[in-house]
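Working notes, beginning with the structure itself.
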Amino acid sequence: MSSPCSDDGERTVTALFQDARAAEQAYEAALALGYDKSEINLVMSEDTRERLARDPRHVEAAQAADSQVRPKELGGPIGGAVGTLAPVLAAVGTLVLAPGLVLVGPIAAALAAAGAVALAGGLVGVLNNWGVPDERIQQYEAGIRQGGIFLGVKTRSAEHARELERNWKNGGGQLVHC
């Protein structure tokens, strides 16, 4: 049986990660395919964000990102998984929804641009607009509230979608879909 990512054209690839390191590796996989951090959606609970902010590895990574140099134990200047999310979560484009969700990327931009009506619809409304079924959104939202980290990328090609799907599944992603 072929993957839904095998169709031609762009696809939105989504997944839930229970482990911050796995989410960081998935985020880096999208960056490696040439996606800018502004093209990668990231959603987590405020509790998860606070937990990551207290983790010494993430604090150190955020400080290193300010100077554009990463400590050797975090992968050196050009990469490494631990701490990738810290500078992203400190970004200006971060949006916090009233129900306690932290959003980064195009999701946050779409909600901010649409104003209060979109904020009321929150994650469900935005993901519905991207073609994510309600049932899956409910699963993602439940996983996020239990400490998971959601990632989503609108890919430029079916090839990128297949690559992310494969990478994210192999890297511990749950509910990986195109």
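Both backbone and side-chain heavy atoms feed into the values below; hydrogens, waters and symmetry mates do not. Predicted model only: the values in this text are computed from it and were never measured.
Annotation: salt bridge (Lys or Arg N to Asp or Glu O under 4.0 Å) contacts of Arg166 (sequence neighbours excluded): Glu163.
The two residues Ala15 and Val176 have their closest heavy-atom pair at CB-CG2, 3.7 Å. Heavy-atom minimum distance, Gly147 versus Gln18: C-OE1, 4.3 Å. The minimum heavy-atom distance between Val13 and Cys178, with the atom names listed, is CG2-SG, 4.0 Å. The two residues Leu16 and Gly143 make their nearest non-hydrogen contact at CD2-CA, 3.5 Å. Shown here for Asn167 and Ala26, the closest heavy-atom pair between the two residues is OD1-CA, 4.4 Å.
Looking only at side-chain heavy atoms (C-beta outward), Arg156 and Glu39 come within less than 4.5 Å of each other. Between Thr155 and Tyr35, some side-chain heavy-atom pair lies under the 4.5 Å cut-off. Residues Thr48 and Val102 fail the side-chain proximity criterion, which asks for heavy atoms closer than 4.5 Å. Using a 4.5 Å heavy-atom cutoff, the side chains of Gln139 and Arg136 are in contact. A 4.5 Å side-chain heavy-atom check between Lys37 and Tyr27 finds at least one atom pair inside the cut-off. Using a 4.5 Å heavy-atom cutoff, the side chains of Val153 and His160 are not in contact. Looking only at side-chain heavy atoms (C-beta outward), Leu175 and Thr14 stay at 4.5 Å or farther from each other.
Expressed to the nearest 0.5 Å, how far CD of Glu28 lies from CD1 of Ile40 amounts to 9.5 Å. From Phe150, atom CZ reaches atom CD of Gln174 across 13.5 Å, with rounding to the nearest 0.5 Å. Remark: Ser45 OG to Glu50 CD distance equals 8.5 Å, nearest 0.5 Å. A distance of 13.0 Å separates NE2 in His177 from OG1 in Thr12, rounded to the nearest 0.5 Å.
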Full working for side-chain contact (heavy atoms from CB on, under 4.5 Å) between Leu151 and Leu164
CA-CA 11 Å; Leu151 288 177; Leu164 285 179; over 6 Å; no

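Of the possible polar contacts, none joining the Trp168 side chain to the Gly173 backbone as a donor-acceptor pair under 3.5 Å is found.
Side chains of Asp36 and Ser38: a donor on one and an acceptor on the other come within 3.5 Å.
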